[in-house]
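First the proteins, then the strands, lettered A, B, ... as listed; each starts at 1. Quick note: numbers below take in every heavy atom, side chains included, and nothing from hydrogens, waters or symmetry partners.
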There are 4 protein chains.
Amino acid sequence: MKQAEIRSDIAWATPEKVVIHGLDLCEDIVGKIDFGQMAFLQLFARLPDAREVRMFNAMMVILVEHGITPSSLATRMTYAGAPEAVQAAVAAGLLGLGSVFVGSLDNAARLLQESMPHPNAALDIDALARTIVDEYRARREILPGIGHPFHKPVDPRAPALFKVAQETGYDGPYIRLMTAIGKEAERKLDRALPVNVTGAMAAVASEMGIPWRICRGLAVAARAVGLVGHILEEMRQPLATALYLRTEHEATAHLVPRQEREEG
Amino acid sequence: MKQAEIRSDIAWATPEKVVIHGLDLCEDIVGKIDFGQMAFLQLFARLPDAREVRMFNAMMVILVEHGITPSSLATRMTYAGAPEAVQAAVAAGLLGLGSVFVGSLDNAARLLQESMPHPNAALDIDALARTIVDEYRARREILPGIGHPFHKPVDPRAPALFKVAQETGYDGPYIRLMTAIGKEAERKLDRALPVNVTGAMAAVASEMGIPWRICRGLAVAARAVGLVGHILEEMRQPLATALYLRTEHEATAHLVPRQEREEG
Amino acid sequence: MKQAEIRSDIAWATPEKVVIHGLDLCEDIVGKIDFGQMAFLQLFARLPDAREVRMFNAMMVILVEHGITPSSLATRMTYAGAPEAVQAAVAAGLLGLGSVFVGSLDNAARLLQESMPHPNAALDIDALARTIVDEYRARREILPGIGHPFHKPVDPRAPALFKVAQETGYDGPYIRLMTAIGKEAERKLDRALPVNVTGAMAAVASEMGIPWRICRGLAVAARAVGLVGHILEEMRQPLATALYLRTEHEATAHLVPRQEREEG
Amino acid sequence: MKQAEIRSDIAWATPEKVVIHGLDLCEDIVGKIDFGQMAFLQLFARLPDAREVRMFNAMMVILVEHGITPSSLATRMTYAGAPEAVQAAVAAGLLGLGSVFVGSLDNAARLLQESMPHPNAALDIDALARTIVDEYRARREILPGIGHPFHKPVDPRAPALFKVAQETGYDGPYIRLMTAIGKEAERKLDRALPVNVTGAMAAVASEMGIPWRICRGLAVAARAVGLVGHILEEMRQPLATALYLRTEHEATAHLVPRQEREEG
């Protein structure tokens, strides 16, 4: 059997040094670049310039913390059972970052990138938005990246992100397309459907050249940071045990014979 | 049943705004603070000053990428089976960050923090180091944070981190204790046992007031960033399938009848 | 805010007893029913009769062990890093049971169940199979449940499962449809494409009334048993550390300067 | 570099057959042995006899379903976010099976097996129990396997399991030692501390020759089956979204300004 090549270009080490994406960890990285630059380096295999890292940081910070969600509750429940395995508690919280909560980020980025693989000045972006909205309506599919059940009529995170894009020169065709999709959908469906946080992030990621397939990965990495904060709070001020006990009580109240419940 | 309080102080939201640790996400965070500051905010519930964030970033960047490890291979294997669930691939790689690879970070931080709960000028740090080394030798336990099987005689990441500590004013009693433990162990065991990367990180984390129980969490969060880089490389230049096929072939060669193998 | 109902009908307990799907754990389950019956009870909320449990067991045993796969390697890699967290090692191995390896089971079951929501004697199954194959060819999609890259021309697990189906009276319309799809695909594509193990399982699961959405769950539960076997072997006869070290060496050989490599 | 051996003895395959622990999957396993026998085969590398499989099944069925727990809630929360990744939902629920909930099983089995590595008729089991209880009291450690916060004064699952042990001839020295530890602890601490379910399982596992290090694996595999039942119920009768929304509301009530809350 001829062996397929097994090769990785990310990092290598000798006893005296560690090299990551061509940079010497001890000489060029530690004390020299920050966590945001390091995350950029890991994704793009090169260091960012000032405007790149500002835009990238804006995306990452928005993804870190979303409060009490199914994700942070899964982390806290896992920590309650296995406090010795902090890595498992973080992992449990990441596992639910799927189609329902983070999927719209991938979907919006995919929509933008597949609709406009090679942006150029000749493109009629409003016409493209009309076609996209019509196609989704014809297929009765939900358009990703617009509207929000709670942050309405406007998701304030979208304009905040677009403002940074403007300041850093990233206000290009993908942001225009995403915005046009929202406007066209509002017109056709006659209700407020502005770009939401995942739509804004998808547009910015597309402007930065981040492939849609890895967008969920950015969300996952940033959320890992956030979940550590939830573990720290759960250590000091636990809620998981109280929550599961009362949930068990309520969920089975119709099954337990009345008399035994009163005594229990 | 009286209900226990369920309370979280990390974040809250109204339709118009999101507040994290008291800061308005759209006004105070997006475009204003970077990913490293955000990670610090999530852990300490306040923003860092310049020297704090420089020290914190130095720790985080060191933890991001460790090359082809059991962790990155678990991520790549999982991605090969479930490319649609990037969150699961990251989670799989985090799950092995346990006692063997990251545990020495917790253990070293615990040793330092429990040996010196209230550092003060009157403490004889060298005497304390001698007692610690003697106790570990008496119990035939391995001292965490010193020596390295590959990076020897010196783990270059430790002096790199301590240099940043010196520049930022974090060269305090925990770093002195960790260093003294290494020297005392070298003296008693008569071989090179300088502080390694986990010992250095444990000392710096202790200087920053990070409780030992959450140190593994920092490693997990930083590594999540690194694993996204491995997924990106696996997308473009996969190795998981070739590796599992050849491993299966080799591992079962003694079981498969010779004739069938040759035909297979 | 009106509170939505939170309710679970699976199990309840008093200090004196535990009740699962209406059965008393200590009186009716322990020592009375076996692991296969218990798994059936957990899925169907009732005990199986003899033919049901024989068919169900045949599906479950086929899913337990698949040798050295990305899944078992992820488990072994995780165990190498966190031997104290056996649950994390099992979980890591389950995470890759996604679209590539187990997805064809869901997809085949979905295809069968959506093509034939209400099987009846009047249906022309061969005509239905022709339509299905034509539609997939028109969309250039891969038909799930037929053909196998290694087990060819015949996947021996499919006839083994169908034999049990025949003996237990489960050889109904879904098995006929799956078989007809394979035959039609062979005719149209002019190569061997018999029903494979996931096609056979999808057909049997459909005969048993198991919704396609939970089919992957059966595979996941059975594989959890198999992965414990891999952990046990890894405890006694480890391969993970040797495998990662040699993979790291090979994958980075092109990066490390020749001289340092020779010394290393 | 000399390559370390990479070898697995569990399974191998040719295009025509699959062999697991020396048995032909299609000839000897499918339709011939049940899920409990298969699980035994995977752990012991041989088929069980009738009494072995009855005892083994009794342990496994007890571990499958524990109702609304942190584990099943983590599974349901993950399913709510990633319904397309059932494997991730099961994995999330397994991750919390750590020191708090399942750890006492390992700990009790370890205590029994290390206290009595070679049981023989000459051993004074009551004296051994006294020594063990005294040592734990002296170290102020909690004895694993006795007492239960909810199932008191008696955990009904322990006598149920011991009854099967008696019927199958497994009522040997480890069950006597576990029982003696409970009695001695009750005498010394003057309160009801009979053997609980994990103590009973640890004793039975020890009688069966199952190493303590893998006991948690049995619990994890059995619980995977149970968690699939929770996913199935969550599909039909969801509770995760309602639970997280109301938890978020309650947990942040003290942070959200009164006026905004009323409008929200």
*More than 12 heavy atoms of other residues, nucleotides or ligands under 6.0 Å from CZ of D/Arg191: is that the case?*
no
Please tabulate, for the side chains in residues 217-229 of chain A, all donor-acceptor contacts under 3.5 angstrom to protein atoms that are two or more places apart in sequence or on a different chain.
{"unit_1": "A/Arg223", "atom_1": "NE", "unit_2": "A/Leu63", "atom_2": "O", "d": "3.0"}
{"unit_1": "A/Arg223", "atom_1": "NH2", "unit_2": "A/His66", "atom_2": "ND1", "d": "3.4"}

Against chain A, residues from residues 231-244 of chain D with at least one heavy atom under 4.5 Å, in numeric order, are D/Leu243, D/Tyr244
Residue set satisfying side chain to side chain donor-acceptor pair (under 3.5 Å) with D/Ser104, at least two apart, ordered chain then number -> D/Thr198
With chain A, the option among D/Thr75, D/Val102, D/Thr69 that has the most non-hydrogen atom pairs under 4.5 Å is D/Thr69
Taking every heavy atom of D/Met77 against every heavy atom of A/Ala74, the minimum-distance pair comes out as CB-CB, 4.3 Å
Value for NE2 (D/His249) from CD1 (A/Ile68), rounded to nearest 0.5 Å, stands at 13.5 Å
Is there a side-chain contact between A/Thr247 and D/Leu73, using heavy atoms and a 4.5 Å cut-off?
yes
Within residues 80-98 of chain D, the residues sitting under 4.5 Å from chain A by heavy atom, in sequence order, are D/Ala80, D/Gly81, D/Ala82, D/Pro83, D/Glu84, D/Ala88, D/Ala91, D/Ala92, D/Leu95, D/Gly96, D/Gly98
Looking at A/Arg213, I want to see if its CZ is surrounded by more than 12 non-hydrogen atoms of other residues, nucleotides or ligands under 6.0 Å. no
